[in-house]
Each structure stands twice: as structure tokens, then as C-alpha cells.
Novice: 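Here it is: the structure, laid out below.
Every heavy atom of this structure was used, including side-chain atoms; hydrogens, water molecules and symmetry mates were not. Reminder, nothing fancy here: chain letters follow the sequence lines and each chain counts from 1.
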Number of protein chains: 2
Amino acid sequence: MARTQGSHSDITGPKVREAALRLFARHGYAAVSMRQIAGEVGVQAGALYNYTPDKQSLLMDLMKGHMDELIAAWEHQSSARDPMAALEQFTRFHIRFHSKRPEAVFISYMELRNLNPENFIVIEALRRTYEDVLADILRAGVNKGEFSVPEPKVAAMAVIAMLTGVNTWYRDEGRLSLAQVEEIYWGMVRKTVAA
Amino acid sequence: MARTQGSHSDITGPKVREAALRLFARHGYAAVSMRQIAGEVGVQAGALYNYTPDKQSLLMDLMKGHMDELIAAWEHQSSARDPMAALEQFTRFHIRFHSKRPEAVFISYMELRNLNPENFIVIEALRRTYEDVLADILRAGVNKGEFSVPEPKVAAMAVIAMLTGVNTWYRDEGRLSLAQVEEIYWGMVRKTVAA
DNA sequence: GTCTATAAAGAGATAGAC
DNA sequence: GTCTATCTCTTTATAGAC
């Protein structure tokens with residue numbers, strides 16, 4: 001009832017994605033109805049289908065968008081240097097990037113089950129691409145004798161799990177600043193792979 | 001259609017829990033219907049209500065059961081020793097316990113959102129209890145000068161996140177045995193908190 | 001203890017008016 | 001581009017027969 005008819009494709013589209021992001025993160029994909037999303041946007045349920053062919057595509061767009069942004073952001077800011085510097089850069093980048101997008105991160109880790117098989121394959125490949133960034137850094141450090149890591153791929157997954165875990169407890173209003181959290185985690189990561 | 005009428009309370013009860021565990025882990029709580037659970041058990045949907053007052057209680061029972069077992073298992077096997085030995089024991093215990101119950105672990109981490117507020121508080125308290133076990137070990141090691149950990153509680157969450165991450169990739173049929181995985185992770189954890 | 005049947009509500013998606 | 005209305009299906013949970 002809030003609005004009468006009108007044309008708002010340029011603003012409604014993003015609003016649909018934002019509402020879906022917020023609601024999927026809070027309640028889970030399966031628990032959120034198209035009517036709830038429409039309610040947040042301020043339109044009726046039928047109007048959503050001007051912006052997405054179906055609910056599944058909405059989820060896939062959010063997850064693929066997040067993974068593409070993550071990888072592009074790393075490629076944009078990563079500067080080739082020695083393994084130790086690259087590892088520090090990766091650690092700080094991961095914490096900062098993920099802390100700014102808690103909802104997208106949450107969805108990308110929690111809603112893999114709700115992707116249909118074709119979409120799942122795409123997202124999994126992107127996740128592996130990102131893990132391989134870190135695994136390659138670790139391998140380079142091992143070759144240079146700076147790191148001691150028996151299984152670079154396993155260590156990469158372990159470090160990423162540790163870093164992503166920040167999102168489960170970090171709050172902007174909390175006792176520790178993000179800069180302090182970065183320091184603490186960089187200290188741990190450095191030691192984890194140390195020679 | 002599979003069965004005619006009969007009395008099976010002693011076996012149907014556990015089967016309901018097992019089916020819910022499997023289905024919730026695979027598809028997510030919200031995506032699973034009581035009819036699906038009933039189908040797995042081999043009864044009609046209405047019969048489930050002899051074993052659980054509602055779907056929410058089924059989820060809560062699974063999650064609380066898992067957390068209670070986790071804490072009891074640690075208390076049963078933990079032997080008070082020096083911090084380094086306790087840390088190794090915790091590391092190996094965590095990996096072993098969690099690798100044996102991938103479905104319960106998955107549910108306990110993914111379905112927190114789907115607990116009602118009262119149930120959520122209970123599960124969160126149990127999770128904190130478990131985190132504090134590790135935080136206390138780390139504090140003891142810092143006091144003894146064996147560990148260097150600026151924030152024991154943060155480090156505890158970081159280590160637990162790293163260890164729980166094993167469940168996202170470990171498979172019994174995979175290249176690495178669980179014993180090898182234990183060795184790799186113990187090596188990393190030891191270094192992470194090293195003085 | 002399980003069945004069948006059903007109540008009451010809500011789901012995803014579409015059609016056609018404006 | 002959005003609305004209202006609706007189709008069709010599924011949901012949780014309950015009632016009463018056996």
C-alpha cells in the first residue's frame with residue numbers, strides 16, 4: 001500500500017538484491033519468502049519477477065557477485081613481492097574485505113546447499129581459485145625456505161578458516177579495533193607457517 | 001505404504017532423530033519438511049508427533065545432544081597435565097570427535113539462526129563453555145611462559161575455527177588419513193601459539 | 001502407535017489490467 | 001513496472017478411527 005504504480009527499475013533492482021542479501025543472511029535462503037523480500041522493498045511479490053527469473057537466481061547472483069568481487073579485489077591490490085610480504089598482505093586483505101561484507105560472507109558459506117547443481121559447481125570453482133591464491137603463496141615461501149608447511153593446500157584451507165572465523169565474533173563496537181584484530185591474526189598466521 | 005499399523009516406539013524414536021540429522025545436514029532445517037523425515041523413517045507425517053512436539057524441538061534436541069556429548073567427551077578424556085600436553089590433547093580430540101560426527105557438526109554451526117531465542121541462548125552458552133576450555137589452556141601456557149598469545153579468547157576461537165574447518169574437506173577415502181591430518185594440524189596449532 | 005483425512009496458512013510463480 | 005488476483009502445491013500440526 002505504500003506506493004502507487006510507477007516506474008523505478010533503476011532503483012528497485014538494487015533494492016531487491018539488498019533486501020534478499022539482508023533477509024537470506026538473517027533467516028536463511030529457504031526460510032525467506034518472496035513475499036518477505038517484496039515487503040522489504042516496498043512492492044508486491046509479483047513485481048520481483050521483473051528483476052529475477054526466480055528465487056534461485058537471486059541467491060546465485062548474490063553469491064557469484066560476492067566471489068567475483070573478492071577475487072577481483074585481491075587481483076587489483078596484490079603486488080608481487082616476496083612470500084612473507086604476500087602472506088601478510090593476504091591476511092590483512094582477507095580480514096578487511098570479509099569484515100566489510102558480513103552478510104555476503106555468511107550467505108556464501110551457509111547457502112551452498114541451496115544452490116542447484118550447476119550453480120554449485122560455479123561457486124565451488126571460484127572458492128578453489130581463491131584458496132589457490134594462498135596455497136601458491138605458501139608454496140613460494142616453502143621453496144624460498146621461509147615457510148615450513150607440509151601440505152600447502154591444507155594449510156591454505158586452515159588459514160582461511162581461521163581468518164574467516166573473525167566474522168563470527170568481530171563487531172565494530174567491540175573492545176578490539178579491526179586494526180588490532182589484524183595484528184593479532186597476522187601474528188598467528190606468521191607463526192603458523194613459520195620455518 | 002511400506003508398513004501396516006504396529007507399535008515400534010523404541011526403534012522409531014531414534015530413527016526419527018537419525019533421519020532428521022541426515023536431512024537437516026544435507027538440505028538445511030528450513031528446507032526439510034516433516035513429510036520428508038517421515039518418508040525416511042517409513043511412517044506418515046502425523047506419526048512423528050508421537051516423538052517430538054514440533055519441528056523446532058527436533059532441531060534443538062539434535063543440537064543440544066551434540067554439544068552435551070562434545071563437552072562430556074572432553075571432560076571424560078581430558079587429563080590434567082601441562083599446557084603443551086593439554087593443547088595437543090585438545091587438538092587431537094577436537095579433530096577426532098568432529099570428524100566422526102560431520103552431520104551433527106554441520107547442523108550445530110549452520111542452524112543457529114533457526115533456533116528460537118530461548119533455545120539459541122542455551123546452545124550459545126554451551127559453545128562458550130567449550131571455547132573457554134581451550135582459552136584456559138592457552139592462559140595456563142602463557143602463565144608458564146610456554147605460549148605467546150596476546151588474546152587467549154581470540155586465539156581460542158581462531159584455533160577452533162581452524163580445526164573445525166577440517167570437516168569442510170576431510171573425507172575418509174581421501175589422500176590423507178585422519179592420523180596424518182591430526183599431525184599436520186597439531187604442527188600448525190603448536191606453532192600458532194608458540195612463545 | 002500409526003493411519004487417513006483435513007484444517008489453516010503460506011509458498012513460488014504467472015496472467016492480465018493499468 | 002507494478003498492481004491485484006489467482007493457480008497449484010506444500011507446509012505444520014491436529015483429530016479421530018483402528
Novice: Can you see if the side chain of A/Thr12 gets near the phosphate of D/dT2 - specifically, an N or O under 4.0 Å from OP1 or OP2?
Specialist: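 For D/dT2, OP1/OP2 do have a side-chain N/O of A/Thr12 under 4.0 Å.
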
Novice: Would you please confirm or rule out a distance under 4.0 Å between OP1 or OP2 of C/dT2 and any side-chain N or O of B/Tyr51?
Specialist: yes

Novice: More 5' along DNA chain D: A/Ala47 or B/Gly46, using each one's nearest nucleotide?
Specialist: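 The residue closer to the strand's 5' end, by nearest nucleotide, is A/Ala47.
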
Novice: Side chain to side chain donor-acceptor pair (under 3.5 Å), that's the test. Do A/His98 and A/Tyr170 meet it? Break it down for me.
Specialist: CA-CA 11 Å; A/His98 283 68; A/Tyr170 176 77; over 6 Å; no

Novice: Could you tell me if B/Asp54 and B/Ser57 have a donor-acceptor pair between their side chains, going purely by distance under 3.5 Å?
Specialist: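 Yes.
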
Novice: Distance check: side-chain N/O of A/Gln44 vs OP1/OP2 of D/dT2, anything under 4.0 Å?
Specialist: no

Novice: For the CG atom of B/Leu112 and the CD atom of B/Glu124, what is their distance to the nearest 0.5 Å?
Specialist: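 The CD atom of B/Glu124 is 6.0 Å from CG of B/Leu112, to the nearest 0.5 Å.
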
Novice: So if I take every side-chain heavy atom of B/Tyr49 and compare against C/dC3, D/dA13, D/dC3, which nucleotide ends up nearest?
Specialist: D/dA13

Novice: Is B/Phe106 isolated, or which residues cluster with it under the ILVMFWY side-chain rule of less than 4.5 Å, directly or via members?
Specialist: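 The other cluster members (ILVMFWY side chains, heavy atoms under 4.5 Å, direct or chained) are A/Phe106, A/Met110, B/Met110.
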
Novice: From the set C/dA13, D/dC3, C/dT2, return the single nucleotide nearest to any side-chain atom of B/Asn50.
Specialist: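 Within the option list, the nearest is C/dT2.
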
Novice: Taking the side chain of A/Met34 as its heavy atoms from C-beta onward, which of C/dA13, C/dC3, D/dC3 lies nearest to it?
Specialist: C/dA13

Novice: Would you mind telling me which residue lines up with the more 5' stretch of DNA chain C, A/Ala31 or A/Pro53, judged by nearest nucleotide?
Specialist: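 By nearest-heavy-atom nucleotide position, the 5'-most residue is A/Ala31.
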
Novice: Sort me out a list of protein N/O and nucleotides 6-10 of chain C N/O pairs below 3.5 Å, or just none if empty.
Specialist:
none

Novice: Would you mind telling me which of B/Trp186, B/Tyr185, B/Trp74 makes a ring-ring contact (aromatic ring centres under 6.0 Å, His included) with B/Phe90?
Specialist: B/Trp74

Novice: Taking atom P of C/dG1 as reference, at what distance in whole Å does atom CG of B/Leu48 sit?
Specialist: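 It works out to 13 Å between those atoms.
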
Novice: B/Arg26: which residues meet the salt bridge (charged side-chain N to carboxylate O under 4.0 Å, His left out) condition with it, sequence neighbours left out?
Specialist: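 B/Arg26 satisfies salt bridge (charged side-chain N to carboxylate O under 4.0 Å, His left out) with no other residue.
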
